[in-house]
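First up is the structure itself, then whatever we jot down about it.
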Protein chains: 2
Amino acid sequence: MSTASCPNGTTSCQNCRMNPLCLPLALQVSDMGKLDVVIERGKPLQRRETVFFVGDSYQGVYAVRSGAVKAAITNADGTEQITGFYLPGEIFGWDGLAEGRHTNTATALETTAICAIPADRMDELSVTLPDLRRHFMQLMSRELAVDQQMLALLSKSSAEQRVAALLVSISNRLARQKLSPTRFRLPMSRAEIGNYLGLTVETISRVFGRFQQKQLIAADKRDITLLALEQLQTLSSDSD
Amino acid sequence: MSTASCPNGTTSCQNCRMNPLCLPLALQVSDMGKLDVVIERGKPLQRRETVFFVGDSYQGVYAVRSGAVKAAITNADGTEQITGFYLPGEIFGWDGLAEGRHTNTATALETTAICAIPADRMDELSVTLPDLRRHFMQLMSRELAVDQQMLALLSKSSAEQRVAALLVSISNRLARQKLSPTRFRLPMSRAEIGNYLGLTVETISRVFGRFQQKQLIAADKRDITLLALEQLQTLSSDSD
DNA sequence: CGTCGCTTTGAAGAATTTCAATGCTTGTGG
DNA sequence: CCACAAGCATTGAAATTCTTCAAAGCGACG
């Protein structure tokens, strides 16, 4: 067993310790060694490369170490519906657990490093490490909560509210990683944002425009600065 | 172990792949028998009585035996957003697992009998019954999938598609319970449907009207007859 | 009988989509 | 090194869908 507290002992994974969404957190130090066994590290993915496709058999879940990933389901007519964006420290791939095959396709949005957490190993360890098991169930439960917040958002909110909510969400998630919550580069295109939020590209573009006029953000293409996080937050949660 | 529906790979769940909203809002206990050990029965709830409130500490999950339940989160402004309807045989309450307290309030839509599945028991049994553990994780995973299908639906679909999807969903879920998939009484009001689908009451009413004109359904208040299930299915999954 | 809760219907208004066109970057081959 | 294509972002104007506002109908229940 390696002495490292992070999956493969490199220093690049230090952020794993900070993030509530990253797996090692719920484990005691003594368990860490065991976890090392579970993790498999792959080579970095390039933009547009996929982690798994719809229908691929479920092998386990994945953690984003750097970069970003989108998950999308395929509609009856072949169009894609993005169901989530995953930032560093976050875990995706649960969707395959129920039926043994993935319902989503997961694709790198930019150059991205991921860790695999194989299902069989996870299963074994669930017996010997009750904490790990609980932790994983908590992670799933949290994803459930996130999706439901998203449902609420899509159900009731205007275009501006949706975009505000996404920006705030990204900001919060970056903050957990000790990254700047106010200045960042979006890993996804306007079209992808629109797809995710149930709006057209044009609408996204216009909303970004309005936000800039209102001095809520500064945006240069994908480089975003949140100028009034507070107001964005209010905007996203107020409901009319 | 009885032959279950989807979880163990029987072919009976084909429509799950066809319909974006299939097994729509909730999940199914594949084998109620397995659960008997863990279950605590409560007294039936009356309409508007709650199973748990937002913020209540998580004690476990619940299965609907008869009647129907809605789960809803509370927006910043105090309005409610319905996140799911649960019909007989379906399990709800996972939302509390992540943080130890529920993010939703669960309310009976009509006179409803539920079973509690206490968390501590579930935890003990997770060790001794790996099957049960896997099963629960599968159920959670499935709820995730359902929520994501719902996301897709809300993101992209017109009012008619949403309503069609909900009707088809309910139909499929009733069918699984060996109840009539074409004639049923909706447990929820138009307002609740609208809330769930992100539409106004008036829009729901008008869509029901249009569906009747088109001979897709017959509706007398909450008593619904699906006259053209096939077409509704197509409508809900076709994307333009 | 009258009120309350729920549903329906109409007409006007608002927000977003659609269609169409243009500009800006980036990268690639000549 | 330039030119051109491809992908992404922006902008305008018209069309559409859904919401909002207003009013009325219907049933159940005290």
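Chain A is the first sequence line, chain B the second, and so forth, proteins listed ahead of strands; every chain is numbered from 1.
For the side-chain contact (heavy atoms from CB on, under 4.5 Å) with Val64(A), the lone residue among Leu87(A), Thr112(A), Val51(A) that qualifies is Thr112(A).
Of all heavy-atom pairs between Phe208(B) and Val163(B), the closest is CE1-CG1, 3.9 Å. Of all the heavy atoms in Val61(B) and Gly93(B), the pair that sits closest is CG1-C, 3.8 Å.
Looking at Glu143(B) and Ser141(B), their side chains never bring a donor and an acceptor atom within 3.5 Å of each other.
On the nucleic acid side, DNA chain D contacts chain B at distances under 4.0 Å to non-hydrogen atoms, with the end points of that region at dC18(D) to dC21(D).
Looking at residues two or more places apart in sequence or on another chain, you find a side chain to side chain contact (heavy atoms under 4.5 Å, CB included) between Glu99(B) and Arg142(A). A search for ring-ring contact (aromatic ring centres under 6.0 Å, His included) contacts involving Tyr62(B) returns Phe52(B), Phe92(B), not counting sequence neighbours.
One interatomic measurement links the two molecules: CD of Glu110(A) to C1' of dT26(C), which rounds to 17 Å at whole-angstrom precision. dT17(C) atom C1' lies 9 Å from atom CZ of Arg206(A), rounded to whole Å.
Salt bridge annotation for Lys214(B)-Glu160(B): present, with a cationic side-chain nitrogen under 4.0 angstrom from a carboxylate oxygen.
Near DNA chain D, meaning a heavy atom under 4.0 Å from it, residues 188-203 of chain A has Ser189(A), Arg190(A), Ala191(A), Glu202(A) in order of number. For residues 209-226 of chain A, proximity to DNA chain D is found at Lys221(A), Arg222(A), defined as any non-hydrogen atom under 4.0 angstrom from a strand atom.
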Check: residues 181-188 of chain B side-chain donor-acceptor pairs under 3.5 Å, at least two apart:
{"residue": "Arg183(B)", "atom": "NH1", "partner": "Thr225(B)", "partner atom": "OG1", "Å": "3.2"}
{"residue": "Arg185(B)", "atom": "NH1", "partner": "Asp223(B)", "partner atom": "OD1", "Å": "3.3"}
{"residue": "Arg185(B)", "atom": "NH1", "partner": "Asp223(B)", "partner atom": "OD2", "Å": "3.2"}

Could you walk me through whether Ile73(A) and Glu80(A) pass side-chain contact (heavy atoms from CB on, under 4.5 Å), step by step? CA-CA 6 Å; Ile73(A) 61 181; Glu80(A) 80 167 16; over 6 Å; no
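Ring-centre distance between Tyr58(A) and His102(A): below the 6.0 Å cut-off.
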